[in-house]
Amino acid sequence: MSAAKTAEGIKVIEMIAEMKEIVSKVKRQGKTIGFVPTMGYLHEGHLTLMRKAAEKTDFVVASIFVNPLQFGVGEDFEDYPRDLERDIRLAESAGVSLMFTPGVNEMYPGGYGTTVDVGNLTDKLCGRSRPGHFRGVTTVVTKLFNIVEPDIAFFGQKDAQQAVVLKKMAADLNMNLEIEVVPIVRETDGLAMSSRNKYLAPEERKAALVLSKGLELARNLVGAGARNTADLKREITNFIIREPRARIDYVEILSFPGLKETENMDGRVIIALAVFIGDTRLIDNMVLEV
Ligand code: PAF
C-alpha cells in the first residue's frame, strides 16, 4: 500500500518518497517538525513523548518500524509485539499528524550497505550485552532523521544509553536538530513502562518490580551517605538475586552522561540495570546528582 490513508485525521504513510514530499510541504509552510521514532506497541511512555512533541512543535511525526538491524540473533525481532491499528488511534489522540510505517524492504532495500557507528559510548551496558544493537539504532535513526528532517526529536530516558549515544551522534555528525530526552514513565507500582512488559506472565510481572525497587534501595542508601559504587552495586545485586525469577545481565554505576567507570558516587551518576525476568530482558535506570 503506497497511498496515504486517513484514520480520522492522522495520515499513515509507508513510502519514503511520499514522506519527503509531505515534509517539504510542511517546511515550506514554515512549520516546525517534532519527531517520535518508535517500534510500536505504544504505551504511556511513547504517548508522553508525542504529547511533548505536540506541545513544542507545530507538526508531529511519529514512526513505527521494528528495526531488524538492532536485534541480535536469538532476540525477539520476530515476536516483538505489534498492533498497528491500535497504535495509530493512540498516536492520533496524542497529537500525531503523520505516522510513518515503512516495511523492511523500504528501509533496507537489496544491496543496502551503510551503517553508522558511535564510538566509546556503545561498548558498555546494553552495547556489551547486545553487540551490534547500537549500530542498528544509530543507522535507522539517521535514516529516519534524513527522511523526517525534524527540528526536535524526542526519546525516553528509560533507554538512557540510547539517548546519550544519539545525542553524541547528532553532535559528531553536525545534525541539524535538537534531541529532547523525556523522563521515564512508570506504572503506579513503579515498573518502568516498556512494550516488552507484555511478555510478562502475572507472577513475572510481580517479580519485575525488583528493578525499580533495586533502584529505590540504592537511592535510599545514597541518601543515608553510601558513596562507594562497588558496595552499592553489591547491595543492589544481593537485593535482586533474592527474586528467583530474576537473572541479572548487568548492574552498573557510571558517570552520566559520560558513561565512565567511577569508584565513588560523585557528581552526576547513572545506576543502570538490565535483568531477565524469565525470558524477558528488562532495563531501568536512575540518574542521581550526588
Ligand atoms: O527506542 C526505540 O524504540 C528504538 O530503539 C528506536 C529509537 C525507535 C530505533 O529503532
_Test of understanding: with ring-ring contact (aromatic ring centres under 6.0 Å, His included), list the residues that count as partners of Tyr80, not counting sequence neighbours._
Phe71
*Residue Asp123 excluded, over 12 heavy atoms near CG under 6.0 Å*: yes
_Selection residues 201-215 - residue pairs positive for salt bridge (Lys or Arg N to Asp or Glu O under 4.0 Å), sequence neighbours left out_ = Asp189-Arg205, Glu203-Lys206
*Rounded to the nearest 0.5 Å, what's the gap from CG on Leu166 to OG1 on Thr142? Could you check?*
8.0 Å
*Glu243 CD to Leu211 CG distance, which is reported to the nearest 0.5 Å*: 10.5 Å
*Pairs meeting criterion salt bridge (Lys or Arg N to Asp or Glu O under 4.0 Å) with involvement of residues 132-145, two or more places apart*: Asp117-Arg135
Review item, side-chain donor-acceptor pairs of residues 97-109, under 3.5 Å, at least two apart:
| unit_1 | atom_1 | unit_2 | atom_2 | d |
| --- | --- | --- | --- | --- |
| Glu106 | OE2 | Ile16 | N | 2.7 |
| Tyr108 | OH | Asn67 | OD1 | 2.6 |

*Rounded distance (nearest 0.5 Å) linking atom CD1 of Ile283 with atom OH of Tyr250*: 5.5 Å
_Student check: side-chain heavy atoms of Arg281 and Cys126 closer than 4.5 Å_ = yes
*Rounded to the nearest 0.5 Å, how far does CE of Met265 lie from OG of Ser255?*
11.5 Å
*asked:* For residues 225-239, which residue pairs pass the salt bridge (Lys or Arg N to Asp or Glu O under 4.0 Å) check, not counting sequence neighbours?
replied: Asp231-Arg234, Lys233-Glu252
*Would you say the side chain of Ile88 lies within less than 4.5 Å of the side chain of Val12, judging by non-hydrogen atoms?*
yes
*Audit row: Lys56, Glu178, salt bridge (Lys or Arg N to Asp or Glu O under 4.0 Å) steps and yes/no*: CA-CA 12 Å; Lys56 293 215 152 179; Glu178 241 178 78; 5.8 Å; no
*Other than Met193, what residues sit in its cluster of Ile, Leu, Val, Met, Phe, Trp and Tyr side chains whose heavy atoms are under 4.5 Å apart, directly or through others?*
Val185
*asked:* Take a 6.0 Å sphere around CG of Asn238 and say whether it holds more than 12 heavy atoms from other residues, nucleotides or ligands.
replied: yes
*Under 4.5 Å between any side-chain heavy atoms of Thr138 and Val141, yes or no?*
no
*Just how far is it from atom CD1 of Ile240 to atom CD1 of Ile277, taken to the nearest 0.5 Å?*
8.0 Å
*Any luck finding a side-chain donor-acceptor pair between Tyr199 and Asp79 under 3.5 Å?*
no
*Check side chain to side chain donor-acceptor pair (under 3.5 Å) between Ser129 and all other residues, then give those that pass, not counting sequence neighbours.*
Asp249
_Listed once per pair and sorted, the salt bridge (Lys or Arg N to Asp or Glu O under 4.0 Å) pairs that draw on residues 258-275, sequence neighbours left out_ = Arg268-Glu289
*Could you walk me through whether Val275 and Leu282 pass the side-chain contact (heavy atoms from CB on, under 4.5 Å) test, one step at a time?*
CA-CA 5 Å; Val275 179; Leu282 300 177; 5.6 Å; no
*For Asp58, check salt bridge (charged side-chain N to carboxylate O under 4.0 Å, His left out) against everything at least two apart and list the hits.*
none
_Pairing residues for Arg219 by the side chain to side chain donor-acceptor pair (under 3.5 Å) criterion, not counting sequence neighbours_ = Glu216
*Got a salt bridge between Arg186 and Asp284, using NZ or NE/NH1/NH2 to carboxylate O under 4.0 Å?*
yes
*Sub-4.5 Å side-chain heavy-atom contact between Val269 and Leu254*: no
*Sequence neighbours left out, what passes side chain to side chain donor-acceptor pair (under 3.5 Å) with Tyr41? Give chain and number order.*
none
*Would you please name every residue forming a side-chain contact (heavy atoms from CB on, under 4.5 Å) with Asp87, sequence neighbours left out?*
Leu42, Ile64
*Within a strict 4.5 Å, meaning less than it, do heavy atoms of the Thr237 and Ile248 side chains meet?*
yes
